[in-house]
Amino acid sequence: MKAIARRKVLFVATGILPLLTGHWLISQSETNSDTTSSMPSLQSAGLKLMRDTSYALGTNISVTVVHEDDRVAKAAISSALSEVHLIDRLMSIYRPDSQVSQLNRSGSLDAPHPYSIEVLAQTQMFSRLSEGAFDITVQPLWQVYARAQEKGQLPNSEAIALAQQKVNWRDLDISAKRIRFTKPGMAITLNGIAQGFAADRVLAVLKGYGIENALFDTGEIGCWGQKPSEQPWTVGVQNPRDPNACIGSIQPQNCFVATSGDYASTFSQDYQHHHIFDPTTGESPRELSSVTVLAPTGIEADGLSTAILVLGVEKGLALAKRIRGVEAIATCKDNRILATENFPLMAGKYQQQSTKSFLT
């Protein structure tokens, strides 16, 4: 089945191209470059920006570091990108040789890689935390919609109901020796969490090289330290109905940013049917267009952005409120924008509604 390009929902600031009232955006030509280059030193003497890009997990990957030693920076970036490619080989649903694809084909996987076990264990935790809103076993629903789309249609209610019978995160059995489905016809997707895990692994690799200042994008973004100018990294949150505009920008400090949206992979032009599914209905959630989450880890940011989009504004933001270090902002399909109290959105025209009534 043809791979659908992974969402690109956050504009990233590295000080290359001015746009959006003085904030910064990486140009498309930069994103597609595969060459490591030492960028000009900014204000702090001896510190330089170095950046390299690649492609994995269905998106363009970039790693930018600030360091005085070009050799250390280059080695750190190379190792970080290699780690992302390893995760791609394990978790991509579009690679027939990945462990996820092997599991989906046969219903079981012997001797799983420790990363696969770790991520699947985390998905179970998010499923429990969200009362099933986050569920990696929704892949049969995606398959039903994709097959119908090939015929220019939406699936009928009977096809959706049959697919729903194969969806239940509790029917995934995980151990160090074997991962298996307990019902026939099941399938998983890690598209809602693998990129966040990759961001965590990039940070671990960079720290191993002594890198203290970095900005990296694995499909979800990690912001650590600051630019050589001693200014924070800036990230713009995309307007879900305008790919060239932001609803505002943020300056994350030593944390991860992830967005889930209804617009990157759609099954209908009205955005009512897309790649994110509510397991309880077998259809896409109807209230929210996008959710952006700031969290201490990439896997938290990634998993929670999906869970909140499925749960909706009230339950979703209440969930974010309960978790230490997590902030979230949600854009509704009716254009309202609501956020947890401390979400640091700035420099954007938006309508922010109070959420205190259900976040206490």
- Message: Show every side-chain hydrogen bond (donor to acceptor under 3.5 Å, both in side chains) that has at least one partner inside residues 77-93, sequence neighbours left out.
- Response: S54-H85, S79-Y209, E83-Y115, E83-R201, D88-R95

Just verifying a value: how many Å separate [X] [atom1] and [Y] [atom2], rounded to the nearest 0.5 Å?
X: D302; Y: F126; atom1: CG; atom2: CZ; result: 8.5 Å
X: L206; Y: H67; atom1: CG; atom2: NE2; result: 10.5 Å
X: R51; Y: L215; atom1: CZ; atom2: CG; result: 8.5 Å
X: T137; Y: K183; atom1: OG1; atom2: NZ; result: 9.5 Å
X: E230; Y: L47; atom1: CD; atom2: CG; result: 8.5 Å
X: S290; Y: Y263; atom1: OG; atom2: OH; result: 5.5 Å

I'd like to check [X] versus [Y] (side-chain heavy atoms, cut-off strictly below 4.5 Å). Are they in contact?
X: L317; Y: L338; result: yes
X: I329; Y: L345; result: yes
X: C332; Y: V313; result: yes
X: R336; Y: E287; result: yes
X: L129; Y: L319; result: yes
X: I174; Y: Q124; result: yes
X: V237; Y: C246; result: no
X: F134; Y: L309; result: no

Is it true that [X] and [Y] fall in one hydrophobic cluster, defined by side-chain heavy atoms closer than 4.5 Å?
X: I276; Y: V144; result: no
X: W169; Y: I188; result: no
X: L162; Y: L154; result: no
X: V310; Y: I323; result: yes

- Task: Give a yes or no on this: more than 12 heavy atoms of other residues, nucleotides or ligands lie within 6.0 Å of atom CD of E131.
- Result: no

- Query: How about E212: does its CD atom have over 12 heavy atoms from other parts shown lying under 6.0 Å from it?
  - Reply: no

Any donor and acceptor pair, going by atom type alone, linking the side chain of [X] with main-chain N or O of [Y] inside 3.5 Å?
X: D200; Y: G298; result: yes
X: D278; Y: A133; result: no
X: S108; Y: R180; result: no
X: S116; Y: P112; result: no
X: S284; Y: H274; result: yes
X: S98; Y: S101; result: yes
X: D52; Y: I77; result: no

- Task: Please report the C-alpha distance between R286 and E283 in whole Å, then the side-chain angles of each, then the deciding distance to 0.1 Å, and finally whether the salt bridge (charged side-chain N to carboxylate O under 4.0 Å, His left out) criterion is met.
- Result: CA-CA 9 Å; R286 298 300 176 89; E283 299 182 349; 3.0 Å; yes

- K321 and E327: CA distance, side-chain angles, deciding distance, salt bridge (charged side-chain N to carboxylate O under 4.0 Å, His left out) verdict: CA-CA 7 Å; K321 179 71 173 180; E327 300 292 339; over 6 Å; no

Can a side-chain donor-acceptor contact be found between [Y] and [X] if the only test is distance below 3.5 angstrom?
X: T297; Y: E300; result: yes
X: T218; Y: Q195; result: no
X: S305; Y: T259; result: no

- Does the pair T123 and F197 meet the rule for a side-chain contact (heavy atoms from CB on, under 4.5 Å), with working shown? CA-CA 11 Å; T123 68; F197 177 71; over 6 Å; no

- Note on the structure: Nearest heavy-atom approach of P140 to G185 is CG-O, 4.0 Å

- Message: Under the criterion salt bridge (charged side-chain N to carboxylate O under 4.0 Å, His left out), I'd like the reasoning laid out for K48 against D70: C-alpha separation, chi angles, the key distance, then a yes or no.
- Response: CA-CA 8 Å; K48 292 173 283 187; D70 288 358; 2.9 Å; yes

- Item | ring-ring contact (aromatic ring centres under 6.0 Å, His included) evaluation trace for W233 with F216 | CA-CA 11 Å; W233 306 104; F216 41 94; 9.7 Å; no

- Query: Can you name the one residue among N342, V326, I250, I221 that meets side chain to side chain contact (heavy atoms under 4.5 Å, CB included) with L294?
  - Reply: I250

- Item | Given I179, L90, N104, the one that forms side chain to side chain contact (heavy atoms under 4.5 Å, CB included) with Q99 | L90

- Message: I'd like to know whether Y145 forms a side-chain contact (heavy atoms from CB on, under 4.5 Å) with H273, so could you lay out the CA-CA distance, the side-chain angles of the two residues, the decisive distance to 0.1 Å, and finally the verdict.
- Response: CA-CA 9 Å; Y145 275 83; H273 305 278; 3.9 Å; yes

- Parallel, tilted or perpendicular: rings of F267 and W142 (30°, 60°): perpendicular

- Message: Could you go through L120 and I136, starting from their C-alpha distance and side-chain angles, then the distance that decides it, and tell me whether this counts as side-chain contact (heavy atoms from CB on, under 4.5 Å)?
- Response: CA-CA 9 Å; L120 289 175; I136 62 170; 3.4 Å; yes

- With sequence neighbours excluded, give me every salt bridge (Lys or Arg N to Asp or Glu O under 4.0 Å) pair touching residues 248-264. R241-D262, D262-K333

- May I have all residue pairs that pass salt bridge (Lys or Arg N to Asp or Glu O under 4.0 Å) and include part of residues 151-160, sequence neighbours excluded? none

- Would Q164 and I160 count as a side-chain contact (heavy atoms from CB on, under 4.5 Å) if you check the C-alpha gap in whole Å, the side-chain angles of each, and the deciding distance to 0.1 Å? CA-CA 6 Å; Q164 262 188 291; I160 293 172; 4.2 Å; yes

